[in-house]
Protein chains: 2
Amino acid sequence: MLDHSILETLPRELQKEALESIRIMRFPPGKVLFQAGEHCQGLPLMLSGAVKVQMTGVSGNSIVLYRMGADDICTLSIGCLMTGYGYRAEAVVEEESEAAMVPRGLFDRLMDQSAAFRLGIMESYGRRLDDLMLLVEEVAFRRMDERLEEWLQARRSPIHITHQELAVELGTAREVVSRLLKELERKSRVRLARGKIELIGS
Amino acid sequence: MLDHSILETLPRELQKEALESIRIMRFPPGKVLFQAGEHCQGLPLMLSGAVKVQMTGVSGNSIVLYRMGADDICTLSIGCLMTGYGYRAEAVVEEESEAAMVPRGLFDRLMDQSAAFRLGIMESYGRRLDDLMLLVEEVAFRRMDERLEEWLQARRSPIHITHQELAVELGTAREVVSRLLKELERKSRVRLARGKIELIGS
DNA sequence: GAGATCAGTGTGACTTTATCACTGAACTGT
DNA sequence: ACAGTTCAGTGATAAAGTCACACTGATCTC
């Protein structure tokens with residue numbers, strides 16, 4: 001049940017405590033783990049699945065910041081727990097996910113007593129920082145048509161997504177995505193349908 | 001010498017080890033602490049001063065990601081040390097700074113034995129994450145004229161900076177800054193001179 | 001101190017991206 | 001089958017980024 005998890009690496013005694021105080025939860029696709037402004041209810045440690053973290057600006061526009069997968073701990077939640085401020089972003093489940101909800105006390109003890117756990121946390125933080133730095137560069141300097149094409153090429157055709165969702169992925173406006181996609185269709189690089197994009201000859 | 005530092009909080013024995021293995025270094029403004037691609041030579045723990053961290057995209061454009069001040073540990077360096085990858089960004093001293101260079105071994109022991117140190121690290125990470133998330137939103141969705149005005153209003157007139165440097169602060173092109181500033185001058189909100197911007201009536 | 005040099009700035013022309021307003025097409029439920 | 005809703009397309013306009021080049025003020029050289 002804790003297979004493939006960072007929790008496996010814990011010393012026996014801690015593992016026992018962990019198994020007792022941790023709640024394992026399942027989340028279906030679409031489930032909102034937390035929203036902007038809410039306060040942290042416990043640290044989700046992902047065991048499987050995929051969750052996207054996105055934020056909405058004052059303008060009302062949204063952008064996907066990064067994704068979490070197995071063995072990631074939600075670094076945003078750590079920050080919320082430590083500072084007591086509310087979340088700045090929201091987390092939405094993309095693929096059926098399992099997560100261990102770690103209470104504050106156990107988290108502190110794990111940090112205190114397990115070097116492996118600490119390493120896992122630091123790695124999660126490092127990845128997040130790296131993801132965000134790359135994103136800043138993308139958004140600030142790269143052309144939208146290139147970013148769109150890369151995004152499309154990184155998936156399997158057909159891709160089921162609306163233009164609006166794709167706009168949030170890239171941090172742009174829906175109209176921009178529509179126009180760029182239409183342009184790609186004119187070049188016969190994609191075939192468009194409502195809520196679906198087929199890649200041609202890649 | 002370690003006044004105002006997170007290192008003060010350490011238990012006596014660790015503090016002794018810290019004082020022995022840590023090198024305190026002074027850096028003058030303009031000093032480059034590290035550059036993109038380089039490998040980590042030790043964790044800088046800032047004691048005083050200010051350092052900006054900026055990155056350069058493939059396009060050659062640069063953007064300031066965040067700033068470090070007293071009691072910040074360089075989270076980027078932690079990541080580099082853990083993963084062995086080179087830095088993705090560069091760090092430039094803005095104000096005369098002092099930093100304690102913490103070797104890997106001591107860092108691990110501090111993380112292991114001092115809850116206060118761990119908390120400091122987590123807070124540094126939290127701030128970085130928060131800074132970067134806000135930056136993503138700014139860059140993706142906010143108007144450049146607003147961002148420029150805010151940046152200007154946050155300083156004391158006169159501001160000594162070139163348009164190029166200001167462009168890097170905001171992650172845009174020099175020409176854009178020049179034009180927006182000229183527009184502000186036409187509205188009598190600023191007075192421009194070579195390398196200097198005076199704010200009028202604020 | 002006259003010219004050469006160079007970093008810093010200004011600006012026109014053009015492209016790309018964002019925003020606004022609206023139309024129409026495709027799906028949903030009853 | 002119709003009403004309501006979500007999704008997509010597009011023209012007009014504004015903001016921002018890019019490219020090319022001219023100008024200006026500071027510094028250096030002789």
Side-chain angles (χ1 to χ4, degrees), chain A residues 30 56-64 135-152 158-199, chain B residues 30 55-64 135-152 158-198:
Chain A
T56 301
V58 277
S59 60
N61 300 26
S62 299
I63 183 170
V64 172
L135 182 59
V136 168
E137 204 238 297
E138 281 234 346
V139 170
F141 302 130
R142 298 199 48 216
R143 294 187 42 147
M144 199 51 79
D145 51 357
E146 281 176 22
R147 293 179 55 210
L148 174 60
E149 284 223 57
E150 272 176 30
W151 194 96
L152 293 173
I159 305 167
H160 291 275
I161 193 170
T162 67
H163 296 185
Q164 178 57 50
E165 288 165 339
L166 196 32
V168 171
E169 290 287 333
L170 299 172
T172 184
R174 198 264 312 158
E175 299 91 315
V176 174
V177 171
S178 288
R179 272 192 257 264
L180 290 175
L181 281 174
K182 212 64 196 161
E183 183 60 28
L184 285 178
E185 192 177 45
R186 271 190 285 275
K187 292 190 206 155
S188 299
R189 321 257 292 99
V190 300
R191 207 179 339 264
L192 299 177
R194 187 187 174 89
K196 188 172 78 169
I197 304 169
E198 286 179 87
L199 307 183
Chain B
M55 100 186 281
T56 301
V58 278
S59 59
N61 300 28
S62 300
I63 183 169
V64 172
L135 182 60
V136 168
E137 203 239 298
E138 281 234 345
V139 170
F141 302 130
R142 297 200 48 215
R143 294 185 41 147
M144 198 51 79
D145 51 358
E146 281 176 22
R147 293 179 56 210
L148 174 61
E149 285 222 57
E150 272 177 29
W151 195 97
L152 293 173
I159 305 166
H160 291 275
I161 193 170
T162 67
H163 297 184
Q164 178 56 52
E165 288 165 339
L166 197 32
V168 171
E169 289 288 332
L170 299 172
T172 183
R174 198 265 312 158
E175 298 92 316
V176 174
V177 171
S178 288
R179 271 192 258 265
L180 290 174
L181 282 174
K182 211 65 195 161
E183 183 60 28
L184 285 178
E185 191 176 47
R186 272 191 284 276
K187 292 189 207 158
S188 299
R189 321 260 289 102
V190 300
R191 208 181 337 267
L192 300 178
R194 190 187 174 89
K196 188 172 78 168
I197 303 169
E198 286 179 88

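Just so it is clear: chains get the letters A, B, ... in the order the sequence lines come, proteins before strands, and each one is counted from 1.
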To the nearest Å, how far apart are [X] [atom1] and [N] [atom2]?
{"X": "B:Gln164", "N": "D:dT18", "atom1": "CD", "atom2": "P", "value": "12 Å"}
{"X": "A:Glu183", "N": "D:dG9", "atom1": "CD", "atom2": "P", "value": "13 Å"}
{"X": "A:Arg179", "N": "D:dA12", "atom1": "CZ", "atom2": "P", "value": "11 Å"}
{"X": "A:Arg194", "N": "C:dG24", "atom1": "CZ", "atom2": "C1'", "value": "11 Å"}
{"X": "A:Glu165", "N": "D:dC7", "atom1": "CD", "atom2": "P", "value": "7 Å"}
{"X": "B:Arg174", "N": "D:dC23", "atom1": "CZ", "atom2": "P", "value": "15 Å"}
{"X": "B:Leu181", "N": "C:dG10", "atom1": "CG", "atom2": "P", "value": "8 Å"}
{"X": "B:His163", "N": "C:dT11", "atom1": "NE2", "atom2": "C1'", "value": "13 Å"}

Considering all heavy atoms of both residues, which atom of A:Val58 and which atom of B:Glu137 are nearest to each other, and what is their separation? N-OE2, 3.5 Å

Check A:Arg179, A:Arg174, A:Arg194 against A:His163 for a side chain to side chain contact (heavy atoms under 4.5 Å, CB included) and give me the one that passes.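 For A:His163, the side chain to side chain contact (heavy atoms under 4.5 Å, CB included) check succeeds only for A:Arg174.
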
Side chain of B:Lys182 only, please: which of D:dG17, C:dG10, D:dC7 is the nearest? C:dG10

B:Ser178 has its side chain closest, among C:dG10, C:dT19, D:dG17, to C:dG10

Using OP1 and OP2 only, check whether a side-chain N or O of B:Asn61 sits under 4.0 Å from D:dT18.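 The answer is yes; a side-chain N or O of B:Asn61 sits under 4.0 Å from OP1 or OP2.
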
So A:Glu185 and A:Lys182, do their side chains get closer than 4.5 Å, heavy atoms only?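 Heavy-atom side-chain distance check passes, below 4.5 Å.
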
Show your reasoning for whether side-chain contact (heavy atoms from CB on, under 4.5 Å) applies to A:Thr172 and A:Val139. CA-CA 9 Å; A:Thr172 184; A:Val139 170; over 6 Å; no

Any base atoms under 4.0 Å from A:Arg143, or only sugar-phosphate, or nothing? Heavy atoms, all strands. sugar-phosphate

Polar side-chain contact A:Glu175-C:dC20 base: donor and acceptor under 3.5 Å: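 Check passes, donor-acceptor contact within cut-off.
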
